[in-house]
Amino acid sequence: MLTPRVRLLLIRRLITVGPIVTPLRHTITRKYSTNGTKLLEDEALKDNGAKNEKGPATSNSPVDTKPWYLSMVDRDISQNLSAVENEYINLPDESPESLLKITKYLKGEMGLKDILIFDLKEKKSGDYNTAVTKISDFVIIATARSAKHCQSTFVQLNAMLKQTFKSVAYVEGNVNSKEERKKFKRMARKSNLGKSWGANSGTTSTGFAKDSEAWFMIDCNVDKIFVNILTERRRGELNLEELYAPESERDKYQLRQKSTATQPKDDNLLQVGEENNVLSGLRRLAYQRRQYSTSSPINTEPTKEHFKDFLKKALNEKNFEEAHSIIKQSQELESLSLLQTITDSLANVNVTTDAINEIDKWQDIFEYCWPLPLPMETSFQYWSLRMKFLKMLNVANPQLYPCSKIIDDYLIRKKTSGFYLSSDDLLQYLQLVKINLNLIQGGNYWDLLKSNENIVKALKVFNELNLANDHIIVSMLLKLMVMENNTSIKLHSLYEVIDFLCCQRDNLSSNVIVAVLETLASVKDWNKFFQFWEVGIKGVVPGQDYRPWSKFIRIILNSNDIELMQKLIEEGHLLWIKRNEVEITNDLIEQLRKLFRRTDYDLKSYLDI
């Protein structure tokens with residue numbers, strides 16, 4: 001072959017001197033010529049025939065035949081293209097620029113062949129509708145030379161998508177060479193069964209089997225483009241074209257069954273060896289069944305209950321990495337079932353008091369299973385389970401997971417997610433605060449103050465609720481302003497809250513009145529007790545005294561203070577029963593009898609009353 005430098009010198013000389021007359025025999029008999037030489041041979045033969053018709057050429061007549069090295073320059077460039085580069089790809093109408101770039105990259109850079117593009121945007125017109133049309137607009141199908149070629153194409157395509165479109169592709173079917181080698185090692189672990197499993201065939205230097213097949217389905221995350229890269233044999237077996245093609249064109253891609261009469265016979269089938277021996281096949285079949293069952297080849301795929309048992313076992317052993325792996329594999333399990341399993345497992349384990357990472361790991365695995373968005377039909381079950389889980393974390397370790405975290409992890413999160421906060425949510429939080437307050441050994445005023453600061457933060461989230469008439473919440477709020485273990489410790493704002501309740505509405509409900517009376521009785525502030533009863537309750541007129549007299553007397557009886565009972569009688573508080581025309585019920589009569597019996601044993605002192 002001529003070097004580029006020699007070729008350039010010859011061209012310059014031809015331009016200066018003129019064409020060189022080359023004998024025809026040299027052009028025909030040159031053995032090192034390229035495809036272009038054959039073209040020159042044909043032209044030379046045509047010219048020779050034309051000359052023979054006209055007569056012999058003179059020595060002075062010029063020869064029109066160009067040398068082969070000049071004709072190489074004028075030859076059409078398309079003749080030098082490979083079969084892959086010369087392949088035409090039909091792009092859909094109005095296709096995005098990203099589809100063109102990805103297709104060119106697959107054909108030009110990666111050397112894939114038989115590239116087909118299916119436009120699935122016609123799903124809106126109702127021409128055809130499959131499962132894949134719901135998530136994709138364009139599907140590319142291409143053929144690779146081998147399984148290694150499929151894998152390298154995905155790696156390079158992913159790098160191109162990151163650099164060009166700032167996107168990361170998602171792939172299904174990505175089996176690397178390391179996993180392939182592991183699979184063949186497991187097959188050949190036992191020497192007696194190694195040959196029957198085909199272990200003697202070995203793997204290539206890349207780790208893949210010599211005749212292994214592959215199928216890579218890649219979500220480019222760009223303009224809803226999906227790419228299917230298959231080896232030639234796997235593409236013929238799956239026939240994805242029939243799946244993605246429109247209804248009117250599916251008959252073009254239907255598989256044609258080959259006639260067995262025209263199929264060539266495989267000489268290997270006639271040879272009885274380890275691969276096609278009947279005994280080795282039976283031994284291989286027996287080994288497959290022995291992996292699962294010795295009685296019958298039943299379905300041994302893990303069920304939902306199996307996944308739950310595996311997850312419980314991992315969580316009971318506090319193996320959170322294994323638990324995450326099981327959750328990723330259990331795609332059939334609903335998130336609600338997973339959350340319930342996690343909550344039940346937390347109830348059965350002991351959380352160490354000094355392991356802050358353990359609390360975080362429990363919360364991380366719970367949040368991993370929390371669905372976004374929540375299904376509306378079962379949202380109540382999700383939020384109830386979430387409150388239960390967070391309360392268990394708090395009870396397990398109040399120092400590492402205090403009540404203040406529940407405000408962010410539950411109350412604020414539920415409200416920002418668009419769900420309604422009910423009074424039951426607030427009540428559960430207040431009950432948890434009370435439990436934490438009672439667990440404090442030797443609690444003081446500052447512990448009580450800190451707990452109520454968290455309550456104030458929680459109440460700000462419930463700005464839409466009318467809490468003044470909810471006697472259960474009012475009673476809980478008032479009780480949390482007093483240290484239960486030491487009733488002498490109370491907040492100064494307790495009386496401000498009671499005055500606020502009195503000014504909030506003219507008519508307080510009887511349950512709210514009882515809640516205030518019980519709180520004042522617990523701190524033994526009897527002056528405020530009678531003041532609230534006589535003056536604080538508004539709207540009391542003759543014939544309309546709605547105050548709960550029977551419960552009022554019962555609270556005084558439960559104090560076991562005889563002097564207080566005598567004060568109630570002697571100061572004329574009971575006379576308001578007659579003045580305001582209070583309805584005399586059986587319960588009120590019973591409480592009055594108990595009062596007089598405990599203050600007047602002989603029933604003579606207060607006979608007139």
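Of all heavy-atom pairs between E322 and A314, the closest is CG-CB, 4.0 Å. Between W370 and L374 the shortest heavy-atom distance is CZ2-CD1, 3.6 Å. The nearest pair of heavy atoms linking I365 to W362 is CG2-O, 3.2 Å. Contact record, V227 with C220: CG2-SG, 3.7 Å, taken as the closest heavy-atom pair. The shortest non-hydrogen separation linking L230 to W215 is CG-CD1, 3.4 Å. Among all heavy-atom pairs drawn from L99 and F138, the shortest one is CD2-CD2, 3.7 Å.
Open room surrounds CD on E321; 12 or fewer heavy atoms of other groups in view lie less than 6.0 Å from it. For E232, the CD atom counts as loosely surrounded, since its 6.0 Å shell holds 12 or fewer non-hydrogen atoms of other residues, nucleotides or ligands. The local environment of CD in E97 is sparse, with at most 12 non-hydrogen atoms from other residues, nucleotides or ligands closer than 6.0 Å.
Using cut-offs of 30° and 60° for the angle between ring planes, the Y244 and F118 rings count as tilted. Taking the six-membered ring where tryptophan is involved, the planes of F154 and F216 are tilted, since the angle between them lies from 30° to 60°.
Between the side chain of T153 and the backbone N or O of M110 there is no donor-acceptor pair closer than 3.5 Å. Without hydrogens or angle criteria, T164 side chain to L161 main chain gives no donor-acceptor distance under 3.5 Å. Side chain of D137 to main chain of K121: no donor-acceptor pair is present (N/O by atom type, distance under 3.5 Å, no hydrogens or angles). Not one N or O on the side chain of S337 forms a donor-acceptor pair closer than 3.5 Å with the backbone of E334.
Rounded to the nearest 0.5 angstrom, D425 CG and K415 NZ are separated by 12.0 Å. The line from CH2 of W383 to OH of Y410 is 7.0 Å long, rounded to the nearest 0.5 Å. Rounding to the nearest 0.5 Å places CG of L411 at 8.0 Å from CD1 of I406. Atom CG in N319 sits 10.5 Å away from atom NE2 in H324 (nearest 0.5 Å). Rounding to the nearest 0.5 Å places CD1 of I407 at 12.5 Å from NZ of K405. L100 contributes atom CG, which lies 8.5 Å from atom CD1 of I117 (distance to the nearest 0.5 angstrom).
For the pair I342 and F389, the minimum side-chain heavy-atom distance is below 4.5 Å. Residues F320 and D364 have side chains not in contact (no heavy-atom distance under 4.5 Å, counting atoms from C-beta outward). For the pair Q363 and D409, the minimum side-chain heavy-atom distance is below 4.5 Å. Side-chain contact between L346 and F366 is absent, with no heavy atoms from C-beta onward closer than 4.5 Å. Contact check for L385 versus Q381: no side-chain heavy atoms found under the 4.5 Å cut-off. Residues L338 and L311 are in side-chain contact: their nearest non-hydrogen atoms beyond the backbone lie under 4.5 Å apart. Contact check for Q340 versus D344: side-chain heavy atoms found under the 4.5 Å cut-off. Side chains of Q156 and E109 form no contact here, defined as non-hydrogen atoms less than 4.5 Å apart.
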Pair L315-V349, side chain to side chain contact (heavy atoms under 4.5 Å, CB included): steps then yes or no: CA-CA 9 Å; L315 292 175; V349 298; over 6 Å; no
Full working for side chain to side chain contact (heavy atoms under 4.5 Å, CB included) between V168 and Y170: CA-CA 7 Å; V168 179; Y170 175 78; over 6 Å; no
Candidate pair D408 and R413, rule side chain to side chain contact (heavy atoms under 4.5 Å, CB included), full reasoning: CA-CA 6 Å; D408 296 328; R413 180 162 184 174; over 6 Å; no
Worked check of side chain to side chain contact (heavy atoms under 4.5 Å, CB included) between N221 and F165: CA-CA 9 Å; N221 286 322; F165 302 103; over 6 Å; no
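The side-chain contact (heavy atoms from CB on, under 4.5 Å) test with I140 is passed by exactly one of L112, I89, L116, I102: I102. Screening K391, K414, E367 for a side-chain contact (heavy atoms from CB on, under 4.5 Å) with R386, the sole residue that qualifies is E367.
Residues satisfying the side-chain contact (heavy atoms from CB on, under 4.5 Å) test with D223, not counting sequence neighbours, are P96, S98, I225.
Salt-bridge formation is detected for the pair R234/E237: a Lys NZ or Arg NE/NH1/NH2 atom is positioned less than 4.0 Å from an Asp or Glu carboxylate oxygen. Salt-bridge formation is not detected for the pair R235/E213: no Lys NZ or Arg NE/NH1/NH2 atom is positioned less than 4.0 Å from an Asp or Glu carboxylate oxygen.
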